[in-house]
Structure formats: structure tokens, C-alpha cells
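Here is the structure we will look at.
Owing to the predicted nature of the structure, the values given are computational and were not obtained by experimental measurement.
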Amino acid sequence: MAKKGRVFSGIRPTGRAHLGNYLGAIKNYVALQDDYDCVYCIVDLHALTTVEDTVNLKQNSYDMALDLLAAGIRPEETILFIQSHVPQVTELHTILSMVMPLGKLTDLPTFKEKVRENPNNVNYGLVGYPVLMAADIALYKSDAVPVGIDQAPHIEFTREIVRSFNYRYGTNVLIEPQMKTTEIPKVLGIDGKEKMSKSLNNQIEIAAAPEETRKRVMEMVTDPARIKRTDPGNPDVCNVFSLHKIFTPKADVEVINVECRRAGIGCVDCKKQFAENLNKALEPFRARRAELAAQPERVTAILDDGASRARAIAERTMTEVRAAVQLP
Ligand code: SF4
């Protein structure tokens, strides 16, 4: 079946993926393969903007690749690779950085957020983060980029930079990508407060052993007003319930919804039920992951092949870009 175009997305090599990564990005990556030619990149260069100690960068990139493949990325059709294996992206990044005023970059809300998060490490690369992202998207002539609504300014920025480049050099070499807005659920961590994140240590890793998953689930914060087993709870403010809605059969969710409100079910039993359903849902993924992990040379070969296919597209684009810029 003819595909609708090319989709590009980059994912940070944060190591083993957690539920937030899975529900917020990876699941969508897998689904998009049915309709689009997909180019997925593990953005190790982007990671350098905030990661100072790179001792785990290689392993984290590899683990992310394992998770993506085990989750259902099909490398025979989808291009999966590591960003730094395609050096053309840094060349395009340099060229694009000349067409964007600095003030626009420092005004981006995402930049301001990063400065708040890392006040002692506001490096030059952090300012150029969206330019590198634009370079990635433009390099592969991507028609669309799947994003959550909070990422919209970055894609709008990419469109702007592509327009500026094409206008300055009187060309139409680069393509303005469309935004493929995706509803990305905000997955809270086990603290029930912050977005799930490895840096906050509130994550549930999808590749964890069932016992470890159970342990993390039992640590989850529930309705804070429910102190005693006999207190009625409110599932609407409970993170366990939000996740039940994704992993538990609908009829059981309905029962929990009713029983929680009249203290008919306790949080311990409710969490046990969730852990069981979550482990069951992740079973096929974990089996595939274990199989792949036992063949590291296969994963490396997939990434090498992805990089080689990505470089072929990238070099074609750069030949056109260099000609448009009239580089000698
Ligand atoms: S019973 Fe379940 S839904 Fe209700 S507060 Fe406890 S964990 Fe949350």
C-alpha cells in the first residue's frame, strides 16, 4: 500500500524506556509505520546539550534501540539509526544556524525551561537545540513530524527556518514539514505529581522484571485524601486509576471506579491488580526484548543499516543544499 509520506522523529537516548516514553512516543512510532515511511533517530548529539557525563551514552542509546525494536519498530521498512552516525546533520545544522536570529532562539519557551532546569549549564548547544532539530527534520525531507502540542513551537520554528533558508538562497530545496499533532498522554511518575522521568527516579521501566514492576507499582502514590482503607477514594485524582484505564479491561475499570468511591476496594489490592495487568500487557514486549538482547550483533547491524540508508538520503539533500548556498 502506498504510504502517505515520510515521518521523522527523534528520541533521546535516556536508556531503558519507561511507561511515559512508551505511551507518549514509542506506541505512536509503531502505529505510524502502517501509514508512513518512518525515519526514527536516537538523538545522542541532542543529549550532549544536557548530559555532561557521557559514560553511559553508548549503552543508553543501545538500550533505547532495543526497546524500540522490541516494541514493534520494523527495521526492514523503517529507518532506525543513531543521530551521530549521520554527520551530515552537523553540517546542515551549521548552515541553518546562519539564517536564524539569536533572539528568536532565546525566546523559545522550551529554551527558557531548559535554562530554569540547568542554570549552571546554559551552553551554546542548548540555544541551538531547535536548529539541530530543524536540521534533522529538513535533512530527511520529512513531510510530517509527530508531536505533542507542547512541541508545536519547535515544529513551527523548523518551518520558519526552512522558509528563511529557501528565501535567502532562492531555492526550494528544503521542505516545510507539517505538524502531525498527536494526543500524547501526560504520564505521571509513581509519585503521582511529576511527569514520569528517569531523572526524577519516579519511572516504571517497561523492560523491568515483573517483580520489579510490581514493587514500583506498590510504591505508587494514590488518592492522597484516602488515608485509611475505610476512607472512600476518588479515582479521578489517582494515577493508578489513570493507568488502569490503559491496561485493565474496561469492565474491571468500571468496577474499580465504583468500588473505590465506596471503599469497597483497598489501594493495595487495586495496585496488585494493576501490576498484574501491566506485566501481562508487557509480556510479549519483554520476550522480544530478551530475544534481541541475546543477539547484540543483530541490533548493531540494524543500526548500521539504518545509518547507511539515512546517510544516503542525507547526502542527496546536502548536495542540493551546498549547491543552493553556492559553497565553493
Ligand atoms: S482504590 Fe485504586 S483507584 Fe482508588 S485510590 Fe486506591 S489505587 Fe486509586
Can you check side chain to side chain donor-acceptor pair (under 3.5 Å) on Gln178 and Asp143, steps first, answer last?
CA-CA 6 Å; Gln178 298 303 312; Asp143 301 294; over 6 Å; no

Does the side chain of [X] reach to within under 4.5 Å of the side chain of [Y], using non-hydrogen atoms?
X: Phe285; Y: Asp67; value: yes
X: His244; Y: Ile256; value: yes
X: Thr110; Y: Phe157; value: no
X: Ile175; Y: Ser142; value: no
X: Phe8; Y: Leu139; value: no
X: Lys3; Y: Asp35; value: no
X: Leu243; Y: Phe274; value: yes
X: Lys114; Y: Thr50; value: yes

Under 4.5 Å between side-chain heavy atoms, counting indirect links through other Ile/Leu/Val/Met/Phe/Trp/Tyr residues: same cluster for [X] and [Y] or not?
X: Leu278; Y: Val30; answer: yes
X: Leu57; Y: Val86; answer: yes
X: Ile42; Y: Met133; answer: no

Straight-line distance of [X] [atom1] to [Y] [atom2], nearest 0.5 Å:
X: Asp136; Y: Gln88; atom1: CG; atom2: CD; answer: 11.5 Å
X: Thr222; Y: Ile190; atom1: OG1; atom2: CD1; answer: 12.5 Å
X: Ile204; Y: Met220; atom1: CD1; atom2: CE; answer: 5.0 Å
X: Leu32; Y: Lys27; atom1: CG; atom2: NZ; answer: 12.5 Å
X: Cys267; Y: Phe241; atom1: SG; atom2: CZ; answer: 12.5 Å
X: Thr49; Y: Asn121; atom1: OG1; atom2: CG; answer: 8.0 Å

Could you check Ile313 against Ile79 for side-chain contact (heavy atoms from CB on, under 4.5 Å), going step by step and ending with a plain yes or no?
CA-CA 11 Å; Ile313 303 173; Ile79 299 180; 3.8 Å; yes

Please identify which of these residues, Asn21, Thr78, Ile73, meets the side-chain contact (heavy atoms from CB on, under 4.5 Å) condition with Leu68.
Ile73

Quickly, which of Thr158, Leu132, Leu174, Val162 forms a side-chain contact (heavy atoms from CB on, under 4.5 Å) with Leu96? Name it, please.
Leu174

Students often mix this up, so state it plainly: with edges at 30° and 60°, are the rings of Tyr129 and His46 parallel, tilted or perpendicular?
tilted

Atom of [X], atom of [Y] and distance for their closest heavy-atom approach:
X: Leu105; Y: Pro130; result: CD2-CG, 4.0 Å
X: Phe81; Y: Gly306; result: CB-C, 3.7 Å
X: Arg229; Y: Gly264; result: NH2-O, 3.4 Å
X: Tyr40; Y: Val7; result: CE2-CG1, 4.3 Å
X: Gln203; Y: Ser197; result: OE1-O, 3.9 Å
X: Asn239; Y: Gly192; result: ND2-CA, 4.1 Å

Using only heavy-atom distances, determine whether the side chains of [X] and [Y] contain a donor-acceptor pair under 3.5 Å.
X: Glu194; Y: Asn202; answer: no
X: Arg286; Y: Thr213; answer: yes
X: Asp44; Y: Ser61; answer: no
X: Gln33; Y: Glu77; answer: no
X: Thr171; Y: Asn166; answer: no
X: Ser9; Y: Tyr29; answer: yes
X: Asp63; Y: Gln59; answer: yes

Going through the distances and angles, do Arg6 and Val39 end up as a side-chain contact (heavy atoms from CB on, under 4.5 Å)?
CA-CA 7 Å; Arg6 183 180 289 154; Val39 180; 3.7 Å; yes

Is there a donor-acceptor pair closer than 3.5 Å between any side-chain N or O of Asp191 and the backbone N or O of Lys193?
yes

When you measure from the side chain of Ser308 to the backbone N and O of Asp304, does any donor-acceptor pair fall under 3.5 Å?
no

Tell me whether [X] is salt-bridged to [Y], with the criterion being a basic N under 4.0 Å from an acidic carboxylate O.
X: Arg159; Y: Glu156; answer: yes
X: Asp34; Y: Arg74; answer: yes
X: Glu320; Y: Lys141; answer: yes
X: Asp231; Y: Lys228; answer: yes
X: Glu276; Y: Arg214; answer: no
X: Glu291; Y: Arg288; answer: no

Run Val299 and Leu66 through side-chain contact (heavy atoms from CB on, under 4.5 Å) and show every step you take.
CA-CA 7 Å; Val299 178; Leu66 259 186; 3.9 Å; yes

Hey, is CD on Gln326 packed in by over 12 heavy atoms from elsewhere, all under 6.0 Å?
no

So which pairs with a foot in residues 197-209 pass salt bridge (charged side-chain N to carboxylate O under 4.0 Å, His left out), sequence neighbours left out?
Arg16-Glu205

If you apply the rule side chain to side chain donor-acceptor pair (under 3.5 Å), what do you find for Asn277 with Thr248, and how did you get there?
CA-CA 6 Å; Asn277 292 336; Thr248 297; 2.9 Å; yes

Is there a side-chain contact (heavy atoms from CB on, under 4.5 Å) between His18 and Val187 once you walk through the steps?
CA-CA 10 Å; His18 55 63; Val187 181; over 6 Å; no

Worked check of salt bridge (Lys or Arg N to Asp or Glu O under 4.0 Å) between Glu219 and Lys271
CA-CA 9 Å; Glu219 288 168 23; Lys271 288 198 254 189; over 6 Å; no

Asp223/Asn234 under side chain to side chain donor-acceptor pair (under 3.5 Å): CA gap, chis, key distance, verdict
CA-CA 6 Å; Asp223 171 5; Asn234 178 5; 5.5 Å; no

Quick one: ring pair (Phe, Tyr, Trp, His ring centres under 6.0 Å) partners of Tyr22, sequence neighbours excluded?
none

Check side chain to side chain donor-acceptor pair (under 3.5 Å) between Thr230 and all other residues, then give those that pass, not counting sequence neighbours.
none

